[in-house]
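By convention in this document, chain letters (A, B, ...) are assigned in the order of the sequence lines, proteins followed by strands, and residues within each chain are numbered from 1. Reckoned from all heavy atoms, side chains included, excluding hydrogens, waters and symmetry mates.
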Amino acid sequence: MQLDLLVTDKQNYIFCLLATMPYLGGEETVRELRRALSNPNVQSDPLRYRNTILKVIRTMSQGVDVSGLFSEMVKACATVDVVQKKLVYVFLCSYATLNPELSLLVINSLRKDCQDPNPMVRSLALRNMTNLRLPSLVEYVEQPLTAGLRDRAACVRRVAVLGWAKLHNLQPSSEIDAVVVNELYSLLRDPDPVVMVNCLRALEEILKEEGGVAINKPITHHLLNRLKECDIWGQCEVLRVLQRYRPQSEDELFDILSLLDSFLVSPHPPVMAATLSLFLSVSSSLPAVSLAALERVSGPLLAACGSGSREMRFAAVCHIQLLLRSVPGLLGVHYKRFFCGYAEPAYIKERKMQVLVELVNDENVAMILDELKGYCTDVNTDTAQAAISAIGRIGRSYSDRCLQILTGLLGLKQDHITSAVVQTMRDLVWVCPQCSDTVCLALEGCEETLQDIQGRQALLWLLGVYGERISSAPYTLEVLIDGVRSEASLGIKMELLTATMRLFLCRPAETQDMLGRLLHYCIEETTDMCMRDQALLYYRLLHCGIEETRKVLQGRRSDPSLGVLIGRPTKPVSQWARCFNTLEPLSQGAVEAESASRGSPEHMTYNPKPNADLSDTLSCSHIQEIHSGSDNAMRCSDSSTDGLASSITAPLSLSLSPAVSPEDFEHLWLQRQALHTERGAEKIEVVDCTWIEECVRCPAVLHCSPQSLQAAMQLVNIQTLAFTPQHTLPWRVYLYTHTQRSHSTDAPNTTLILGELLCTGEANQKAGVKKGTADSEAGAEGKEDQLVRKEMVATADRLSEDGQEEEEGIKVTLNQQPRDDDALRQFLTVLTTVLNTLSSEKD
Amino acid sequence: MISQVFILSSKGDHLIYKDYFRRRNHYNHKDLYFLHIRQGGLYWVATTTVGSSPFAIIEFLNRLAALVKDYCGSLSEKSVQMNFALIYELLDEIVDYGYIQTMSSDVLKNFIQTEAVTSRPFSLFDLSNVGLFGAETQQSKVAPSSAATRPIQSSREQGGKSEIFVDVIERMTVVIGSNGVLMKADVEGEIRVKCYMPSCSEMRIGLNEEFSIGKSQLRGYGAAVRVDECSFHQAVRLDEFDSHRILRLCPSQGEQTVMQYQLSDDLPSALPFRLFPTIERDNGGRLLMYMKLRCDLPPKRSPLTFVCLISLSQELSSPDQSAELKPQSRAVVWQIARFAGGTQLSALFKLEVPSLSSASMLEVGPVGLSFELPKITATGLQIRFLRLSPVQPGPSQRWVRYVTHSDSYTIRI
C-alpha cells in the first residue's frame, strides 16, 4: 500500500515550505502530488481528494509548473462535487494550451456536464469549455453552445452568449454563422437583463468589422426601456453602446433625454458618467442641452469628489477639470470642496489645486490664496511646488496679492520653495510685465538659497532681462562666472552666457570684464561645441557693433497678450466630450500642467538645442515659441465642430488636423502659386485645386494684436501660421484649415485650404517681407513639435498711425485642394465673420 | 472591459492573478492600462484599455475588495492567501471574458460553494481591532468591532448567530484658519448595513423625524437634522420616507451602503475640538510651541484614538499622553490616549531648529487632528428604530452603531 503522506499537519507544513520555494522543491512537490492524486484511498475519500486538488492549485498559483499532473487532473474532473470541479477547471484552463491532445479527454466529460440537470453544473461546464482556448476543440463546442442559447436557465444562456464571442476571438477569420447572429439579436429580448447585456457585448465583438451591433430605433428604445432592470454594470454597458445612436428627430431626442434624466444624477459614479457621455454624444448639435446636462451632473460629480475611495475622488476631480474647460464658472461657489485634506495623497492634491486655480473669482480669491499658501510649506516638495505655481497662475489676474505671498515665501530660505518661487515669478513676469518691479526687488539675495538647475536658470533669465533694475545682478553673475569651470549643467552655462551678454548691454561698465573672461572660457577652454558656437556668435556679434547686438539680444521681455490666451478660454464641449469617462483625463492633466507651467516661451530657445539657437540668432529676428495650455486644443479637435462655425454653416466643419507645419505650408503655397500664375485660361487642371482672391472690408483688424487674432481664429478652428506685428504695413497673415462636409456620412469630403490675408496700406506698396529667412527658421525645428506655433516677426517698416485710419480692404487669397466651391464659399463666410467680429470689438 | 485582475501584497507579490482572456495584441503594453486601488493593505489591480470608464473600473475594484472582505471575513494578506480558492471562484463568477456579470452578493451566494477559511476561531473577546462601541437599541450589550468581521457564509453552515449591524459612519473635513475662524466644515456620512441573516425579507430603518434634505426645507426649531444632499441605494424603497422618514429595504447578505449624505458648513453642533496655539522663539534660539487643546464633547463622551499631528524635548500636562518627533515627515506627533469630553489638555514643545529665523514661524503648522468619536454623529442623525419583518425565528441580534471619523481636521497656525 502506498504511503499517504499528505494528510498530516506536518506534511502540510512541509508543503507550505516547499510552495514558498518553488524552484527548489518543484519537482519533488509535483511527484508527491501525483502520487496522492492517483492513490485510490484518496480518490475514494471526497474530502481528501478535494484537499489534494486544492494543494495542486495552490502550488500552481505560487509559480510551480504543475502541468505534468494534467492527466491526473482530467480524471479528477469526473466528480459530483462542484467545488472540486471548479478547482479542476481552474487547472485545466491554465494548461490546456500546453496539452491539446489530452484536452480532448476533458471535452467528453464537459459535454456530459452540459446535459446535467443542475443548471449550475451546465453553466460551469459551458463556461470552461469555451475558456480552454483551443481552436482544435471548436467543433465540439459549437453544438453545446447552440443548445446553451436556448437553455431554460438564465445563467446558462449568459455563459452561452459570451461563449460565441470567445469562439469568434479564437478564430477571427472564420465567419460566425448568420443563424447564430440572428439568434443573438433575438436574445436581446431575453427576460434576463444580464443575457440581454451579454448579447450586446457579444454582438459588438462578433460584428466589429461591420461597426458593431446595429443600433436602430427599435433596439434603442427596447434597451432604454429595460435599462432600469439592469444592475449598474449592465447600465453602463447599454449606455456606452447607445452612444452610437442618432435620434431621428428633436422630439425623439428629448424623449430619450428625459428618460435618462434620473440616471444622470445617479449616486453611482459609473452610471452618472456613462449617462453624461451619452447625453453629450446625442446632443452634440445642441450646445445648450449639453451645458444644461453639465450643470445637472455637477452635483453627483462633486459628491464623487468627496467619496470615501480616494481613487474615485481622483477620477472625479480629473473629470471636473474637463467640465471646467467649457463652463469655467460652474463650480465657483463650491470651491471649498477642492481644499486638500492633509492626509490626501499628493496626486489628488495636485489636481485639486489645478481646479482651485480655475475657480478663482473676486469673491473667493482671498480664501483660495490663503488655503494655497498653507500648502506651500507642505512636507511633500511636489505638493509645495505645485501650490506655488498655482499661486503664480492666479497672479495673472490678481498679481498684487500673489506677489505678496510669493515674496513672503522667499523669506523661508528653503531651496525647493525658493526655486519654485523664482520659476513662478519668471513665468508671471512674462505674462504680466507690470509685476517686474516687485519681482526685481524680491530677487535680491535669492541666489544663495537656489540649488536646482531649473531655479537657477530662471534666476539667470530674470537677471539678464531685468538686470538694469537689480542692483546686485553683476555680482551674482560674477560669482557664477568665477565658478563656471565647476558648473556641470550645460543649460546653466548657456543661460549664464546669454544673461551676461544682456547685462552687458545695459550695464557695460560693471560687466565688461567678466564678459570677457566668460567668452574666453567658452571659446578657448570649453569642449562643448554648442557653447563654443554660441560664444563665438556673440563675440562676432559684438564686433558688428552694439546696436546690432542689441537688436538680437534684446527681444521682447514679456508677452502680455499671452495672459489672455492662457487665461480662461472657454472651449466647446465637443472638444473633450469624446474623452469623458475614459482613462485619458486621468493621465492627460500632468502633461497639460507641465506645458502650462512653462508659460514663458523665451527660455526654450536657450536650451542647448544648437539648431534653434543658431538659426534664431543668425537671422536677426525673433522666434517665439508659444507653449500654452490652449495648444491642447489642436490635439483633440480632430472633427470637433465649433459652435460659431456650425451656427453659420451647418454642414461644414473646420478642423486643424492633420496639422500643417510652417515649412509644409510654405512649400504648398509656393507650388500652387507658381501653378496658378503659369496656368493659362484653358489649361486643364492637373492638380485639382482652386485659387481665389477676394476683398474683405474690415480695416480695424490691423489694430488687433496678433494674439487675439490667433485666438479668435482658433475658436473657429483656423490656424494662423505666421503674421506680421500689428500696425505694420504691409500687414500679412498666413493661415490654414481643413474643411469637412458631413452631409453624406460614408465619405466625408475633406479639403485643405491655405490662405493669406494681405493689407498693403494706402501706399499699395509691394510686400517687403523677408520670407526666405523666416521660413528657413521654421524648417529648422518646426517638425519637432506640432504644438509649437511660430510667430514670425518680419522686419518691416513702421508706418505712421494716421496712415491706417483710412478705410482699407483686406485682400484674401485662398487656395483649396481638392476643389470644393461650396466649402470654399462657406469658409470665406466664416472667415469674414471672424474678421468683422474682431473689427467691431475694436470699435 | 477588464483584461486581468491582480491582488498584490503590500510588497508587490502576486497573491491572486486572473487572466480573463488572452486576446491578440494582448501584450502590447502601450494599449494596456493599469488601474489600482489600495485597500486592506493590498493592491487591487485591473488592466484595461484606454476607452474603459475609470469610474466603472475603480468601482469594480472597490466592490471586489468589499466582496472579498464579506466572504473571507477580513482583508489582509493572510486571509487572501488562505482563501485563494474562494477568491478564484468569486473572480470566475463575477467576471466572464472581461465583462462584469454580477457583483451582488444575493446572486453570488447561489454560486459560491467554497467555504471561507478564517485564521482563528471567531471570538467575541477578540479586541485586536477595537474601533466601534455599543448600540443604542441594546443598551447593556456591547458589540466589539470584530463581530462584524466574519465571513458572511459562516452563518449558513455553522448555524451562526443571525445578526444585523447598522452603522452610521460620518467623516468630518474641517479647516480652521489661523485666526480661529472656521473656514470649512464638511461632513460626508453613510448608513451601512451588514447583514448576517440567512432570511430577512424586509427591514425598516427609522431616521430622526425632523430629518430634512436641502437648504430650503428647514422646518421646526432647534432639533432638526439637516443634510445638503442625500442619495440612496437602488434597493431602498422610499414610500414611507417622505411621511415618516423610514427607509425600507431587503438587505442582502454582506455589507452594503444604504444611504449616503453630505453636509457642507453650517454644522448643527459645535466643533468637537478647539486648539489654541502659541508659538514663540526663546532666547536660546529654540522654537516654543504651546498647544492648548479643548475637547467640547459632552462630558461622558470621549474620542477613542486621538492623534495630533503638528508639522515640526517636550512637556505634557498629563501622563496619558506621549509625543514624538518624526524627522522624516518633519512632524511632531502628540498622542493622547484618554481625552474626556469637556476637558482641556496642554502641551509645550521645545524644538531646536538650526538657523531659526522669524520667517521660520511661517513654516510651523498646520496641525492635523485624527480621531474617532464613537456614539456621536456630527449631523445629529439618529436611527429611531430598526424593525425586521417577519419577526426572526430564534435568537437574532440587531446592532446600531455610530461613529465619526476625522477625514481631515486641519487647524492652521
Please look at [X] and chain A and tell me whether the side chain, the backbone, both or neither of the residue comes under 4.5 angstrom of a heavy atom of that chain.
X: I57(B); result: neither
X: V175(B); result: side chain
X: Q81(B); result: backbone
X: S53(B); result: both
X: H36(B); result: backbone
X: D13(B); result: neither

With the side chain counted from C-beta on, respond yes when [X] and [Y] share a heavy-atom pair under 4.5 Å apart, and no when they do not.
X: H334(A); Y: S264(B); result: no
X: W233(A); Y: F60(B); result: yes
X: M183(B); Y: D370(A); result: yes
X: I57(A); Y: F84(B); result: yes

Give the minimum heavy-atom separation between [X] and [Y], together with the two atoms involved.
X: D231(A); Y: Q101(B); result: OD2-O, 3.9 Å
X: M312(A); Y: I58(B); result: N-CG2, 3.8 Å
X: S370(B); Y: Y342(A); result: CB-OH, 3.5 Å
X: Q234(B); Y: Q235(A); result: NE2-NE2, 3.8 Å
X: Y97(B); Y: N169(A); result: OH-CB, 3.0 Å
X: V50(B); Y: T582(A); result: O-CB, 3.4 Å

Side chain, backbone, both or neither: which part of [X] has an atom under 4.5 Å from a heavy atom of chain B?
X: R127(A); result: side chain
X: C318(A); result: neither
X: E344(A); result: neither
X: Y375(A); result: side chain
X: A304(A); result: neither

Counting only N and O atoms by type, is there a donor-acceptor contact under 3.5 Å from the side chain of [X] to the main-chain atoms of [Y]?
X: K184(B); Y: K336(A); result: yes
X: E311(A); Y: R38(B); result: yes
X: K86(A); Y: T114(B); result: no
X: R171(B); Y: G306(A); result: yes

Please check if any side-chain donor atom of Y33(B) sits under 3.5 Å from a side-chain acceptor atom of E584(A), or the reverse.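 On atom types as modelled, these side chains do not qualify, holding no pair under 3.5 Å.
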Donor on one side chain, acceptor on other, D81(A) and Q113(B), under 3.5 Å: no
Is the distance between the ring centroids of H268(A) and F55(B) less than 6.0 Å?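 No: the rings miss the under 6.0 Å criterion.
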Flag the one option from [options] with the top tally of heavy-atom pairs under 4.5 Å to chain B.
options: L170(A), T130(A), N198(A); value: N198(A)
options: C155(A), P269(A), S266(A), S123(A); value: P269(A)
options: G308(A), A343(A), P300(A); value: G308(A)
options: S309(A), C236(A), A274(A); value: S309(A)
options: V194(A), V83(A), L87(A), L162(A); value: L162(A)
options: G374(A), C340(A), C376(A), A315(A); value: A315(A)

Please lay out, stage by stage, how I232(A) and E59(B) fare under the test side chain to side chain contact (heavy atoms under 4.5 Å, CB included). CA-CA 10 Å; I232(A) 62 165; E59(B) 181 84 5; 4.3 Å; yes
Rounded to the nearest 0.5 Å, what's the gap from [atom1] on [X] to [atom2] on [Y]? Could you check?
X: S52(B); Y: R240(A); atom1: OG; atom2: CZ; result: 8.0 Å
X: I100(B); Y: R201(A); atom1: CD1; atom2: CZ; result: 7.0 Å
X: L200(A); Y: Y99(B); atom1: CG; atom2: OH; result: 10.0 Å
X: K18(B); Y: C93(A); atom1: NZ; atom2: SG; result: 7.0 Å
X: S178(B); Y: K373(A); atom1: OG; atom2: NZ; result: 7.5 Å
X: F111(B); Y: M120(A); atom1: CZ; atom2: CE; result: 6.5 Å

Winner by heavy-atom pair count (cut-off under 4.5 Å) against chain A, out of T102(B), L61(B), D186(B), N62(B): N62(B)
Could you give me the CA-CA distance, side-chain angles and deciding distance for R313(A) and D407(B), then say whether salt bridge (Lys or Arg N to Asp or Glu O under 4.0 Å) is met? CA-CA 13 Å; R313(A) 276 190 216 186; D407(B) 190 33; 3.4 Å; yes
Assess whether side chain to side chain contact (heavy atoms under 4.5 Å, CB included) is satisfied between F339(A) and S408(B), documenting all intermediate values. CA-CA 10 Å; F339(A) 283 5; S408(B) 167; over 6 Å; no
Does K166(A) pair with D96(B) as a salt bridge, N-O distance under 4.0 Å? yes
